[in-house]
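Written out below as structure tokens is the structure these notes cover.
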Amino acid sequence: MAIDSSRPLPAAPRPKWELPAIVNIKIRRTVVPAPVHKHFRSALPDRREAVEFLVRTSGPIPARALGPALFVGDVEVSESQGAGENLYRFFAFDLDRLKSRAPIAWGWMGATKSERIRTKFRYELARE
Amino acid sequence: MSSKVVNRKRLELKDDRKLLSPPVVDEPLYQCATAVTVRGYVVNAQIDVRVNGVTVASVAGGSPWPNGVTVALPAALVAGDAVRARQKTATATSGWSAAVVARDHTQDFPAGPPRPNVDPAPVYECGVRTGVSNLLTGGNVWITADGVEVGRVNGCAAHQGVNVNPAYGLGQKVRAWFELCKDPSPPSIEHTTQAPPTPLPVLTFDPIYEGGTQVTVRNVVNGARVTIYRGGVNQGTWPCWGYALSIGGFTTFTAAEVFTATQAMCAGDPESPPGEGTVQPCSALPAPGVGPVEGGDDRITLTQFVPDATIRVYLNGIPVGVGSGPVVLLTKIVQHGDTLVVIQDLEGCPGQWATVITVPCVDPPVLGNPSWLDLFPIGWADYDDAGRRGRVYYPADDDGENQPFNSRLARVGRVPIVFMAHGNHDPGDPSYLGYDYFQSDLAKMGIIAASIDANTLNGVGLSVQNIEDRADMIIDHIAHFQALDANPGSLFHDRIDFGKVGLMGHSRGGDAVVMAPSVIALPGVSIAAVLALAPTNARFQFGLSTIAPAGYAFMTILPAGDGDVVDNNGAQFYDQATPGPFKSQVYVHYTNHDFFNRQWLDDDSLWTQPQPAVIGRAEHERILTAYGCALFRAALLGHPTRVYMSGARRPAAVMYQHVHLSYKRDGDLTVDDHEDGNTINTNSLGRPTTQLAGMSADEFPFRQGAGGAFNSSFYGETIGMVVKPGKPGRIFRSALAQKTNLEKTQIWIRAAEVTDGNSVPAGGTGFKLGVEDSNGLRAWVDSDDVGGLARPYDRNPGMIKTMLETLRFKGACFHGSRKFTVKSIQAILIQCDRKDERAFAFDDLQLVK
């Protein structure tokens, strides 16, 4: 019987975890309440002073275990929630570390400087 | 285990022609058995079987491989009967084997005997024989086709071939059935007969040697009729259950003889083309392959051998075993450092090559697999109630959707339940369906397994709130099943033991199942086991304290090639966990984040290149079910499966060579875990340590981002010891609180080669663990003799980790000078003796009984 030889099949695909572009960012101060759960009390403080970054992206953020993060200068802002289609809220709680006019980059949590994506936006808190 | 192949003539072995190893009686044995199976005898030996000291049967053994001989008993066994066997040849008689005592099967299987398996499946039209496995030896097995009995064996072996008459038709529903003591098992899965493959594949022959009397053919179609020719002369036609057929009893083979074989199924369909095998000369007979052997063993297991060969075993030059593969019992216990020689001989053909083994201290046997326990048919059902959606698998009366709960098991009592929680993924994918294989494995052994649909929480960033939301959802599903259990109209009414709840979470789900026990307040619910698979640790990421698992058995499985949770945060949970009663870390090289879930299709390791290629998806699944079932069987069913988590036993059919275990139990004596805040100069017993011969060691936080860390390659959350690079011979001494007898004690220590995080130097390394007796005499065992020190996993630079694993050293392995005694040890020592002068990390030095 004839014997075959062949080349390896392609492996499983690489995840498509490239982040979309940031289209717009609105920044304001806010208060984040602790979440209310059905079966236990949250360990988070009842209220946390925060700066909110409302980020509109050019497409959905891929879903993976780690989350996306903004980098305001060197300050990583990674707590986030969905706010609508291609719309996300990021919260920074270390207000004192955010420097006015610091450039905003973005990437996945823990991204090194070389992995972060520069944006055209800078940190500027809207006047209340 | 180090072994080499040596020419027999160089070994000057002396034989004892009167030596014959006792054969092995298959166990367990149960009352009402009308047969026993005996293995390990030399070909054509006479087998005597004794019950309670009286010889009750004497039969010709024939070929010992593959199935031994199943010996019919004149009377059924009664619980308490002691069964032994021996073998006799023309020149020797073995001693009697150790007694196997018959028990009442309902002690092991209170809900009835295990269900039989058609093995191999599938079942084909025109098949004339079917194999059935998962049987209790000595019981009765039969097969039905469309409800009509077509074959039966009373007094069966554990894996029994059943001839079928008439042969199967097409489209018939086939099931296997079993009973012992008139106690029926559930039936096997129902198989529908299908058309056999055409053309039938060519049979192949295993290597055949001069002096042999047995041939094995492979590629047999299930149920085929196999005809064997010797030199063109028809030797007969045998039915075969499929896969392979081994036929013995031929007159001795001579070199260059040619055997051919064909197989046939339906009359009128062509037979297979002939397959061929040629008898090789005696000089080609290879040395046998020998499985793991370690100090303390009383037998050897062979991995490769000629079926009808006589296996001879020599210990330090003295003959200690004569039998056949795969297991040969020895007349002496082997010790660490002994030299074992194993040879296989055929009639008139003494093997010229021997396998020579230096017995290591630790090289655990590969034995069984915790996921293989198969007792019950599997039912499954979807549930959707007020937003709580999922799919649950459970032991049922028959296989399929919404089948009734297994009525026999229900009469025995309530059963444990495991809840599974997937992690963040595309909300459009049904991630909760991705653990169906694991759910099935648990259900077939009597554990309900519910997988929660958490997609409403998917598609958002990682945050403590998201993990709290998931934990809240898990608790809500537990509450839902409490309501089902209380509902007389539910499938699960009065079925669930909420005192034995297990949790399994993957990724963010893994984070949530660690959180849930710390916040759950549902009355009557007790979490007994938690498995965190590649978990995140959101609290740590966001500056909060890591939750310390406590009050339950904990396991984390960490893929070394994880391209998503790249920090392997589960190591933090392991380090922080209090054994309750044990904790386990399973760090697996060549695995990624996604392949444990069948709905997650990407290879995430490709995101963080360069990385080695990962093992296949099926291998990921086998690792999860083997170690996951070990955890849940131990914690929820009280089964003796901790041996797989400690590493004392390795699971078959799993790539255990890539698995690196850490394990700790409550109640063991900790010599030093470096958590006492009393500096490196004092251990956890409050006793002094000493650094000798250029040793430089200190305590460091093993944690990311910790001030004072040795380097950034540590990803756990504990304090440990780092031995800094230095010249060979440096010693660390840790005094014990009192003189201690370590003869029947093990010394466990977590150890790792320290990496800089960016590269892995060529060549492995190791160290010696030592003990010092009350006279100051020392004895050493090398880390290579207990399995070796794992290399750092060589993944993308910057992410290479110093990941500790538990090495086990048996006290009996320590031999010093004649005056040395292991019965009075005053200190434990670590000696770094390699010329590579690398740094090592150590933690959790313990004495374990």
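Naming convention: chains lettered A, B, ... in sequence-line order (proteins, then strands); numbering from 1 in each chain. Scope of the values below: all heavy atoms of this structure, side chains included, with no hydrogens, waters or symmetry mates.
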Name the region of [X], side chain, backbone, both or neither, that has any atom closer than 4.5 Å to a heavy atom of chain A.
X	answer
Gln541(B)	side chain
Asp469(B)	both
Leu522(B)	side chain
Ala479(B)	side chain
His506(B)	neither
Arg617(B)	neither
Asp604(B)	both
Ile475(B)	both

query = For Glu18(A), is it the side chain, the backbone, both or neither that has a heavy atom under 4.5 Å from a heavy atom of chain B?
reply =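 Both parts, backbone and side chain.
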task = Under 4.5 Å heavy-atom distance to chain B, tell me which part of Ile61(A) shows up: side chain, backbone, both or neither.
result =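 Answer is neither: Ile61(A) stays 4.5 Å or more from chain B.
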Just so I understand: if I count every heavy-atom pair under 4.5 Å between each of [options] and chain B, which residue has the most?
options	answer
Gly67(A), Ala65(A), Ala69(A), Gly110(A)	Ala65(A)
Tyr88(A), Phe40(A), Phe90(A), Trp108(A)	Phe40(A)
Pro60(A), Pro13(A), Gly82(A)	Pro13(A)

inquiry  = Looking at Arg64(A) and Asp564(B), is any side-chain nitrogen of the basic one under 4.0 Å from a carboxylate oxygen of the acidic one?
reply    =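 Salt bridge present between Asp564(B) and Arg64(A).
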Heavy atoms only: give me the nearest [X]-[Y] pair and the separation to one decimal.
X	Y	value
Gly461(B)	Pro68(A)	CA-CD, 4.0 Å
Asp603(B)	Pro15(A)	O-CD, 3.3 Å
Glu468(B)	Ala43(A)	OE2-N, 2.9 Å

query = Can a donor-acceptor pair be found between the side chains of Glu79(A) and Ser463(B) at a distance below 3.5 Å?
reply =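 Note: Glu79(A) and Ser463(B) side chains miss the donor-acceptor criterion.
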ask   = So how far is it from Trp607(B) CH2 to Arg14(A) CZ, rounded to the nearest 0.5 Å?
value =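 That separation rounds to 5.0 Å.
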ask   = Any side-chain heavy-atom pair from Leu44(A) and Leu544(B) closer than 4.5 angstrom?
value =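 Answer yes - side chains close enough.
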Top contributor to chain A interface from Arg508(B), His593(B), Met515(B), Arg539(B) [non-hydrogen pairs under 4.5 Å] =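 Highest number of heavy-atom pairs under 4.5 Å: Arg508(B).
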inquiry  = If you apply the rule side chain to side chain contact (heavy atoms under 4.5 Å, CB included), what do you find for Asp476(B) with His39(A), and how did you get there?
reply    = CA-CA 7 Å; Asp476(B) 207 35; His39(A) 292 284; 2.7 Å; yes
request  = Check step by step if side chain to side chain contact (heavy atoms under 4.5 Å, CB included) holds for Met109(A) and Phe542(B).
outcome  = CA-CA 11 Å; Met109(A) 291 169 70; Phe542(B) 292 100; 4.2 Å; yes
inquiry  = Walk me through whether Val460(B) and Gln81(A) qualify under side chain to side chain contact (heavy atoms under 4.5 Å, CB included).
reply    = CA-CA 6 Å; Val460(B) 297; Gln81(A) 300 170 354; 5.7 Å; no
